[in-house]
Amino acid sequence: MSLQRLTLTTWNVNSIKARLSHTVEYAKNHHPDILLLQEIKCPDENFPLMEFEDLGYNCLIHGQKSYNGVAILSKLPMEETARGLPQLPFDETAPQARYLEAEISLPPQKQTEKAPPIGALRVASIYLPNGGEIDSDKFRYKMQFFDALKNHAEDLAKLDIPVALGGDYNVAPADIDVHDPKGLRGTTCFHPEEQKRFRRILNSGFADAWRVQHPEEQSFSWWDYRGGGWQHNKGLRIDFMLCNAMAMDACHETVIHADERGREKASDHAPVSITLEF
DNA sequence: ATGGTTGTGAGACAA
């Protein structure tokens with residue numbers, strides 16, 4: 001019997017225009033079935049659709065001028081299920097394009113076993129606010145976003161299909177996920193209030209796929225452009241593929257493609273990829 | 001506390 005194999009990748013590209021060749025090359029080399037992008041930094045109409053359609057991707061874009069922006073590229077048919085979080089709808093006057101969700105249709109499978117075939121997969125591309133300074137309005141907005149995401153995650157957890165929430169969560173969950181826990185404790189992206197809210201999302205029914213499969217390993221997904229972060233391996237693990245139980249059960253591999261960060265003109269984030277088998 | 005770098009878009013702001 002043949003299993004359906006799906007690769008899903010999340011990547012904060014830090015401008016799709018600046019990273020077009022890197023992103024296209026990545027897609028050609030690793031051929032993910034689903035590519036969740038963050039920080040595309042362009043309005044919908046400026047997204048380089050053709051380049052990805054030529055590679056066989058259907059594209060959903062939720063962008064804005066200059067900042068933020070998320071996208072879902074899928075080789076399988078999909079339908080948009082949310083643009084913005086229910087509690088934080090997209091506001092044209094103060095745009096924060098940070099959440100996009102879609103249901104992916106899986107091709108029909110032969111029913112050879114007791115379990116019914118899985119017909120669909122729900123995915124989201126998420127760009128959590130960075131938060132700026134602790135105690136700033138931006139930080140409070142980040143907490144709001146976490147809470148709104150957790151409430152929505154509770155609903156997604158009730159679905160009877162695999163769910164994968166990929167993105168840049170802008171928080172490192174534990175000491176092992178940062179290069180200098182003592183020095184960074186209490187700073188943006190390593191603050192207990194952020195970590196508490198991230199845990200609430202996990203507790204609503206999701207697992208951090210990479211950590212589940214690499215319980216002891218230290219590997220980062222982001223390295224600051226400043227101060228030679230990459231050269232000194234001073235990084236954080238803040239990009240995740242969060243899976244519900246059905247997705248986690250199907251997850252055979254999780255990879256952080258850190259090599260992408262070492263390239264010329266690299267994004268400051270590395271892609272994180274999971275492979276599911278149904 | 002500050003600075004270091006990259007991206008957008010053409011100067012300050014975000015990260």
Side-chain angles (χ1 to χ4, degrees), chain A residues 10-26 36-48 51 61-71 84 88 90-99 125-146 149 166-173 177-180 182-191 193-195 197-198 220-240 258-272:
Chain A
T10 178
W11 195 6
N12 178 326
V13 292
N14 185 19
S15 166
I16 190 60
K17 186 176 153 208
R19 224 66 60 200
L20 182 56
S21 62
H22 286 37
T23 311
V24 165
E25 278 178 44
Y26 180 90
L36 309 169
L37 302 177
Q38 299 89 38
E39 272 205 276
I40 59 173
K41 290 188 171 178
C42 67
D44 298 10
E45 60 270 23
N46 289 5
F47 189 90
E51 282 80 352
I61 314 299
H62 181 34
Q64 68 179 87
K65 186 177 150 79
S66 304
Y67 301 114
N68 311 320
V70 288
L88 280 179
F90 184 68
D91 179 356
E92 298 282 355
T93 64
Q96 297 268 352
R98 297 178 177 277
Y99 186 88
S125 180
I126 306 172
Y127 176 43
L128 252 107
N130 168 284
E133 302 285 313
I134 311 298
D135 283 334
S136 66
D137 285 344
K138 284 181 190 173
F139 193 81
R140 282 181 284 278
Y141 183 72
K142 183 178 191 175
M143 298 305 106
Q144 265 190 287
F145 194 99
F146 264 121
L149 178 58
D168 172 4
Y169 285 75
N170 263 316
V171 61
D177 298 311
V178 303
H179 67 273
D180 177 16
K182 279 183 186 166
L184 291 171
R185 182 153 293 115
T187 64
T188 306
C189 300
F190 198 57
H191 190 283
E193 288 300 314
E194 300 171 330
Q195 294 173 319
R197 282 170 170 79
F198 181 74
F220 308 132
S221 67
W222 173 85
W223 297 259
D224 204 328
Y225 286 129
R226 299 167 289 190
W230 170 252
Q231 287 74 10
H232 302 114
N233 196 28
K234 291 183 186 171
L236 310 176
R237 194 174 68 89
I238 57 178
D239 299 87
F240 312 109
D259 52 315
E260 284 292 334
R261 183 61 180 85
R263 304 186 59 185
E264 285 294 316
K265 298 278 288 178
S267 167
D268 44 354
H269 294 256
V272 179

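The chains referred to below are lettered A, B, ... by the order of the sequence lines, with proteins before strands, and numbering in each begins at 1.
To the nearest angstrom, C1' of dA15(B) lies 16 Å from OH of Tyr141(A). Glu39(A) has its CD atom 8 Å from the C1' atom of dA14(B), to the nearest Å. The interatomic distance linking Leu184(A) (CG) with dA15(B) (C1') rounds to 15 Å, in whole Å. Rounded to whole Å, the distance from CG on Asp137(A) to P on dC13(B) is 15 Å. Atom pair His269(A):NE2 and dA14(B):P shows a separation of 16 Å (rounding to whole Å applied). Between the CD atom of Gln96(A) and the P atom of dA14(B) there is a distance of 10 Å, given to the nearest Å. One interatomic measurement links the two molecules: NE2 of His191(A) to P of dA15(B), which rounds to 17 Å at whole-angstrom precision. To the nearest angstrom, P of dA15(B) lies 14 Å from CG of Asp239(A).
Remark: Glu25(A) pairs with Arg263(A) by the salt bridge (charged side-chain N to carboxylate O under 4.0 Å, His left out) rule, at least two apart or across chains. Every residue two or more places apart in sequence or in another chain was checked for a salt bridge (charged side-chain N to carboxylate O under 4.0 Å, His left out) with Arg261(A), and none qualifies. Legend: residues meeting salt bridge (charged side-chain N to carboxylate O under 4.0 Å, His left out) with Arg237(A), ordered by chain and number and at least two apart, are Asp177(A), Asp208(A). For Asp180(A), there are no salt bridge (charged side-chain N to carboxylate O under 4.0 Å, His left out) partners, not counting sequence neighbours.
Taking atom P in both dC13(B) and dG3(B), one finds a spacing of 16 Å when rounded to whole Å. Rounded to the nearest Å, the gap between the C1' atom of dG9(B) and that of dG4(B) is 22 Å. As rounded to the nearest Å, dA10(B) and dT6(B) have C1' atoms that lie 16 Å from one another.
Rounding to the nearest 0.5 Å gives a distance of 5.0 Å between SG of Cys189(A) and CG of Asn130(A).
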Enumerate all atom pairs, one protein N or O and one N or O from nucleotides 5-12 of chain B, separated by less than 3.5 Å.
{"unit_1": "dT5(B)", "atom_1": "O4'", "unit_2": "Tyr225(A)", "atom_2": "O", "d": "3.3"}
{"unit_1": "dG7(B)", "atom_1": "OP1", "unit_2": "Arg19(A)", "atom_2": "NH1", "d": "2.9"}
{"unit_1": "dG7(B)", "atom_1": "OP1", "unit_2": "Arg19(A)", "atom_2": "NH2", "d": "3.1"}
{"unit_1": "dG7(B)", "atom_1": "OP2", "unit_2": "Lys265(A)", "atom_2": "NZ", "d": "3.1"}
{"unit_1": "dG7(B)", "atom_1": "O3'", "unit_2": "Ser15(A)", "atom_2": "OG", "d": "3.3"}
{"unit_1": "dT8(B)", "atom_1": "OP1", "unit_2": "Ser15(A)", "atom_2": "OG", "d": "2.2"}
{"unit_1": "dT8(B)", "atom_1": "O3'", "unit_2": "Ser66(A)", "atom_2": "OG", "d": "3.4"}
{"unit_1": "dG9(B)", "atom_1": "OP1", "unit_2": "Ser66(A)", "atom_2": "OG", "d": "2.9"}

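Using cut-offs of 30° and 60° for the angle between ring planes, the Phe90(A) and His62(A) rings count as perpendicular.
Residues in residues 127-139 of chain A take part in these salt bridge (Lys or Arg N to Asp or Glu O under 4.0 Å) pairs, two or more places apart or across chains: Asp137(A)-Arg140(A).
In this structure, Arg261(A) reaches neither bases nor backbone, as no heavy-atom distance under 4.0 Å exists between it and the strands shown.
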